[in-house]
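Excluded from the calculations below are hydrogen atoms, water molecules and symmetry mates; all remaining heavy atoms, backbone and side chain alike, are included.
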Amino acid sequence: MLTPLNTKEIWFITGSQHLYGPETLAQVAEHSQKIVEALNISSSIPVKVVLKPTVKTTEEIFETLTAANFSKDCIGIVTWMHTFSPAKMWIRGLTALQKPMLHLHTQFNQDIPWSTMDMDFMNLNQAAHGDREFGFMVSRLRKNRKVVVGHWSDERVQKQIGEWSRVVAGWDDWQGAKFARFGDNMRYVAVTDGDKVEAETKFGFSVNTWGIGDLVSVVNSIGDGEIKTLMEEYEASYKMAESLLSGGSNRKSLEAAARIELGLEKFLKDGNFKGLIQFSDGVVDVNFP
């Protein structure tokens, strides 16, 4: 079962550097907090956005990104370069990062104060410069990511972040998941399971085979009372052919099908499987309990 989205987190990580001094860095943190507050009240984003401390050094970046890797609740990170964050600082952390990443290319101020703009304002509002530098490094590392461009308060921007968060929530749910197949080749053998090896390598879930006998024993354990309850559910939910109703010529066949359905469901739930994968005529069917 998929964990409720509102229990999952995406970490908001702002990049800067010590060059600007403590006063500017305090404003960077304040601006980041306001953005995160806006994202958390947005109806477009179903997960919790968690603000992490501004990263200003190679060590802080590495520690934050590797912490994201090991956080059970963190399903991905959002990066934003509020000021100029020299991108060589990010190499070690980005190389180690294993969670999905969204690069938010935004600016805290929506309007430019042309008449009052000075160097202090320029130092504090270099996202256009910092995000380009960061984007170059991520591209140089061939790191997959989602890029969202626009002002953080824009509904369109928030909607794109929300859509990405739903996708990465699905990815997170796959990690370590198990899918079952029946009547396949040898269990867990890499050289005979090429496609399944690729699936586990790329997507994070495993597909392994189970003997039909393993399933048959579970199907045979289903009691008559369980079958009767499911048959009543069939009759309440569907318009059934006369031959499938009580006393009909095909009633026994439907009861056998109900026993198999209950057996499959029990097998998958007891084994903590995400679902059943079967191949038919070159088509992959995925069924979830």
Side-chain angles (χ1 to χ4, degrees), residues 1-15 32-33 35-53 55 61 63-80 93-106 134-135 138 141-150 152-180 196 198-208 265 268-269 271-277 284-289:
M1 181 179 295
L2 186 66
T3 304
L5 291 178
N6 59 10
T7 67
K8 292 298 184 179
E9 302 174 352
I10 53 176
W11 288 7
F12 192 95
I13 303 171
T14 305
S32 299
Q33 180 66 48
I35 293 176
V36 167
E37 289 173 356
L39 297 181
N40 273 321
I41 64 174
S42 170
S43 60
S44 298
I45 301 175
V47 300
K48 183 179 180 181
V49 183
V50 176
L51 177 63
K52 307 306 288 186
V55 291
I61 293 167
E63 289 171 6
T64 303
L65 297 190
T66 52
N69 289 342
F70 293 105
S71 171
K72 184 177 72 171
D73 294 326
C74 176
I75 60 175
I77 68 167
V78 174
T79 59
W80 173 47
L94 288 172
T95 301
L97 179 66
Q98 297 173 341
K99 293 288 177 77
M101 179 175 70
L102 181 146
H103 178 196
L104 179 59
H105 191 355
T106 191
F134 179 79
V138 181
L141 294 175
R142 300 293 189 267
K143 191 81 175 176
N144 290 331
R145 79 281 193 191
K146 170 70 174 177
V147 179
V148 175
V149 180
W152 52 271
S153 65
D154 192 324
E155 183 179 349
R156 175 188 60 82
V157 169
Q158 295 177 1
K159 184 173 183 291
Q160 290 184 62
I161 296 173
E163 291 170 347
W164 171 82
S165 70
R166 291 179 183 277
V167 171
V168 298
W171 172 88
D172 178 73
D173 193 55
W174 274 355
Q175 304 313 297
K178 299 190 302 180
F179 287 85
K196 285 177 264 181
E198 188 71 9
E200 189 165 352
T201 301
K202 296 294 186 183
F203 302 122
F205 60 79
S206 66
V207 181
N208 291 298
E265 183 178 21
L268 295 174
K269 286 184 175 180
N272 197 30
F273 292 100
K274 284 291 181 184
L276 168 69
I277 292 182
V284 180
D285 299 317
V286 181
N287 301 289
F288 298 92

Original post:
Does any N or O in the side chain of Lys52 come within less than 3.5 Å of the main-chain N or O of Thr64, such that one atom is a donor and the other an acceptor?
Top reply: no
Original post:
In Å, rounded to the nearest 0.5 Å, how long is the span from NZ of Lys178 to CG of Asn208?
Top reply: 8.5 Å
Please tabulate, for the side chains in residues 40-50, all donor-acceptor contacts under 3.5 angstrom to protein atoms that are two or more places apart in sequence or on a different chain.
unit_1	atom_1	unit_2	atom_2	d
Asn40	OD1	Val49	N	2.8
Asn40	ND2	Val36	O	3.3
Asn40	ND2	Val49	O	2.9
Ser42	OG	Ser44	N	3.2
Ser42	OG	Gln158	OE1	2.9

Subject >> Nearest non-hydrogen partners of Lys72 and Lys8, listed with the distance >> reply: O-NZ, 3.4 Å
Original post:
Looking only at heavy atoms, which two atoms of Ser71 and Cys74 are closest? And how far apart?
Top reply: OG-N, 3.2 Å
Subject >> Heavy-atom closest contact (Leu5 atom, Ala169 atom, distance) >> reply: CD2-CB, 3.3 Å
**OP:** Go through the steps to decide whether Asp154 and Thr106 satisfy the test side chain to side chain contact (heavy atoms under 4.5 Å, CB included), and finish with yes or no.
**Re:** CA-CA 10 Å; Asp154 192 324; Thr106 191; over 6 Å; no
Subject >> Reference residue Phe12; test side chain to side chain contact (heavy atoms under 4.5 Å, CB included); the match among Ile77, Leu102, Leu104 >> reply: Leu104
Subject >> Residue list, side chain to side chain donor-acceptor pair (under 3.5 Å) with Trp80, at least two apart or on another chain >> reply: none
Original post:
If you round to the nearest 0.5 Å, how far is CG of Leu94 from CD1 of Ile61?
Top reply: 7.5 Å
**OP:** Please name all residues satisfying side-chain contact (heavy atoms from CB on, under 4.5 Å) with Val147, sequence neighbours left out, ordered by chain then number.
**Re:** His103, Arg145, Val149
Subject >> Sequence-distant partners of Thr14, side chain to side chain donor-acceptor pair (under 3.5 Å), two or more places apart >> reply: Ser32
Subject >> Residues which pass side-chain contact (heavy atoms from CB on, under 4.5 Å) with Ala177, listed by chain and number, not counting sequence neighbours >> reply: Phe179, Phe205, Lys274
**OP:** Take Leu39 and Ile161 through the test side chain to side chain contact (heavy atoms under 4.5 Å, CB included) and record every step on the way to the result.
**Re:** CA-CA 9 Å; Leu39 297 181; Ile161 296 173; 4.1 Å; yes
Subject >> side chain to side chain donor-acceptor pair (under 3.5 Å) against Glu37, all qualifying residues, sequence neighbours excluded >> reply: Gln33
Original post:
Leu268 and Ala180: which non-hydrogen atoms are nearest, and at how many Å?
Top reply: CD2-CB, 4.2 Å
**OP:** List for me each residue that meets side chain to side chain donor-acceptor pair (under 3.5 Å) alongside Ser153, sequence neighbours excluded, and say none if there are none.
**Re:** His151
**OP:** Identify, with sequence neighbours excluded, every residue that meets salt bridge (Lys or Arg N to Asp or Glu O under 4.0 Å) alongside Lys159.
**Re:** Glu163
**OP:** Would you please test Lys146 and Val167 for side chain to side chain contact (heavy atoms under 4.5 Å, CB included) and show each step?
**Re:** CA-CA 11 Å; Lys146 170 70 174 177; Val167 171; over 6 Å; no
**OP:** Mind checking ring pair (Phe, Tyr, Trp, His ring centres under 6.0 Å) for Trp152 and listing every partner two or more places apart, or none if nothing turns up?
**Re:** Phe108
Original post:
Among all residues two or more places apart in sequence or in another chain, which pass the side-chain contact (heavy atoms from CB on, under 4.5 Å) test with Val168?
Top reply: Ile75, Pro100, Trp164
**OP:** Please name all residues satisfying side-chain contact (heavy atoms from CB on, under 4.5 Å) with Asn69, sequence neighbours left out, ordered by chain then number.
**Re:** Thr66, Leu97, Gln98, Lys99
